[in-house]
K.L.:
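Handing you this structure, nothing more for now.
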Amino acid sequence: MRVVRDVLDKAVVDRNGHEMGRADGILLALDDGRAPRLDAILIGPAALGDRLHPAIGRFVRALERRLGLDSGRPVRVRFSDIERVEHKVRVRLAAGETAVEAVEQRLRGWIVKLPGSR
Amino acid sequence: MRKLVNLALGIITSIGGFVEVGSISTAAQAGSEFGFSLLWAIAAATLFLAALAEMAGRIAAVSKRSMAGAVRERFGFHFQIVPLGAELVIDILLLTAELGGAAIAVKMLTGIGFQWWIAPIGLLVWLVLWLGNFSIIEDGVGLLGMVTLSFVVAVWRLHPDVGPLARGFIPTIPHHDLTRYGFLSVSIVGATVSPYLLNFYGSGAIEEKWSEQDLWVNRLTAFLGMGFGSIVAMGCLVTAAIVLGPQHVQVNSYEQAARMFVPIFGRWAVTLFALSLGIGCFGAAVEITLNAGYVLGQAFGWTWGVEKRRRDVARFVTAFSIVLLLGVCIAAIGFDPLKVTLVSVALTVVIMPIIVLPFLVLMNDTEYVGEHTSGPIGNGLLAALTILGALMAIVVIPLELLGG
């Protein structure tokens with residue numbers, strides 16, 4: 001597996017085939033004296049912001065904090081939780097166990113109040 | 001049989017959905033100022049559009065990926081942010097122009113100032129997107145758009161000479177206003193090959209669950225639908241050339257453009273022109289708004305689509321609603337829709353390479369199109385045309401602006 005080519009920016013789906021977002025970032029673990037190790041996929045706009053510029057990442061984090069959407073975000077999916085990598089990255093988690101849907105749920109709360117949303 | 005019905009419907013909707021604010025204004029200006037001599041630009045641009053749409057459909061049918069999704073996966077987010085940003089800016093500008101065009105059409109019918117109509121039309125666009133599914137949106141827009149065939153009827157009743165008409169399909173250097181001629185040919189390409197159309201087409205293929213078995217439907221819909229559709233834009237150019245050309249009318253407003261129908265349709269002229277403009281623009285506004293939701297959803301990996309319950313695609317709905325609101329607010333400020341149109345179509349050509357060149361890479365990557373990769377001649381021609389168009393735009397647009 002070549003992690004940038006095969007994982008980064010790919011769509012991530014949970015064990016039920018539900019979309020979790022895209023692999024917005026890759027987290028490496030650095031231990032003293034050892035080679036860096038693949039730790040997790042990051043999903044969430046803050047991780048994407050970090051990739052563009054650290055200031056954008058900080059801005060997105062501050063915004064999420066202010067809106068009360070920062071808990072557990074960006075979502076970390078450990079490499080050990082990846083089931084397989086095809087044109088989508090399938091993971092063993094369920095989207096509902098993570099905070100990937102925090103924004104979707106907040107918006108859904110408003111949208112369901114409109115007639116015709118169901 | 002069902003596939004044939006879908007194909008026929010696809011072609012009809014392509015015809016009905018072909019003209020909108022950009023194609024009507026550029027064709028009317030080209031016809032009134034340069035006679036039939038820019039017909040080749042519409043033909044070439046349509047071929048270009050059909051080739052690109054076919055590619056977007058092919059990727060969708062084979063790999064079930066949208067263009068925006070495929071570009072992010074293949075080139076990464078650092079690259080994608082550029083075409084994504086450019087497409088959104090052009091989408092919003094064009095949406096502003098379409099809302100303005102539709103509002104001017106209602107003004108022609110009612111006499112009430114166009115700015116009063118922007119918000120109600122915006123609301124109507126939102127309601128169509130909120131309540132409709134993909135086939136209602138696409139087929140409804142396309143079928144209503146058949147009124148734009150008025151341009152073809154007009155040409156039929158004007159009996160133009162076939163010789164000069166045919167010569168219009170051969171590019172020639174004009175005897176006057178070379179810069180303006182270049183500017184209009186670039187604008188026609190920009191008005192025809194709108195980025196939103198490409199992503200909308202590919203996203204539609206995913207919404208309608210096309211597979212490899214539908215590749216022939218894709219090819220026919222793209223080439224026949226858009227080919228027949230371009231006849232409507234050509235009809236507008238020819239009518240403007242025959243009616244407005246001899247009067248030396250330079251089309252600076254849609255009200256002026258409407259005069260092209262007067263000798264043919266008499267007292268129905270304004271009504272028919274307004275309906276053609278209004279429905280064409282309204283349909284385009286719906287598609288542009290929806291496309292903004294598509295590209296954002298696909299780029300960021302949200303669940304998207306108008307086939308799903310709206311509560312299940314909350315970010316997608318919010319995204320297209322915000323884009324529509326932005327379009328309505330900018331249009332309501334009262335910019336001249338014709339000017340906004342010309343700016344957005346010119347910009348489209350400048351950014352064309354960053355939209356088109358990823359297509360070429362993806363169409364040669366077996367991971368995305370399997371065995372259905374493009375041939376080297378088609379690839380080379382498309383790349384050369386894209387770069388040539390952009391270079392021409394970079395040279396001609398400043399000249400036109402300085403001259404104007």
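Just so it is clear, the structure is predicted and the values come from calculations on it, not from any experiment. Values below: every heavy atom of this structure, side chains too, minus hydrogens, waters and symmetry copies.
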K.L.:
Okay, side chain of A:Trp110, backbone of B:Ala314: is any donor-acceptor separation there less than 3.5 Å?
P.N.:
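Answer holds: no.
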
K.L.:
Side chains of B:Glu73 and A:Arg22, heavy atoms from C-beta outward: is any pair under 4.5 Å?
P.N.:
yes

K.L.:
Would you say the side chain of B:Val313 lies within less than 4.5 Å of the side chain of A:Ile111, judging by non-hydrogen atoms?
P.N.:
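Not touching, per the 4.5 Å side-chain cut-off.
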
K.L.:
With a 4.5 Å heavy-atom cut-off (strictly below), which parts of residues 29-57 of chain A touch chain B? List them by number.
P.N.:
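Residues of residues 29-57 of chain A touching chain B at under 4.5 Å: A:Leu48, A:Arg51, A:Leu52.
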
K.L.:
So B:Trp130 and A:Leu114, do their side chains get closer than 4.5 Å, heavy atoms only?
P.N.:
yes

K.L.:
More than 12 heavy atoms of other residues, nucleotides or ligands under 6.0 Å from NZ of B:Lys209: is that the case?
P.N.:
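No, because the 6.0 Å sphere around NZ of B:Lys209 holds 12 heavy atoms or fewer from other groups.
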
K.L.:
As an exercise: rank A:Lys10, A:His87, A:Glu19 by heavy-atom pairs under 4.5 Å with chain B and give me the winner.
P.N.:
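Highest number of heavy-atom pairs under 4.5 Å: A:His87.
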
K.L.:
I need the contact set between residues 69-80 of chain A and chain B: heavy-atom distance under 4.5 Å, sorted by residue number.
P.N.:
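Residues in range: none.
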
K.L.:
Using non-hydrogen atoms and a 4.5 Å limit, figure out which bit of B:Gln80 sits close to chain A: side chain, backbone, both or neither.
P.N.:
neither

K.L.:
Restricting to side chain to side chain donor-acceptor pair (under 3.5 Å), what partner residues turn up for B:Ser135, sequence neighbours left out?
P.N.:
B:Asn133

K.L.:
Can you say whether B:Arg74 sits under 4.5 Å from chain A via the side chain, the backbone, both, or neither, judging by heavy atoms?
P.N.:
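Neither the backbone nor the side chain of B:Arg74 comes within 4.5 Å of chain A.
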
K.L.:
Applying a criterion of heavy atom separation less than 4.5 Å, what residues of residues 94-109 of chain A form contacts with chain B?
P.N.:
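Under the 4.5 Å heavy-atom cut-off, A:Val100, A:Glu101, A:Val103, A:Glu104, A:Leu107, A:Arg108 qualify.
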
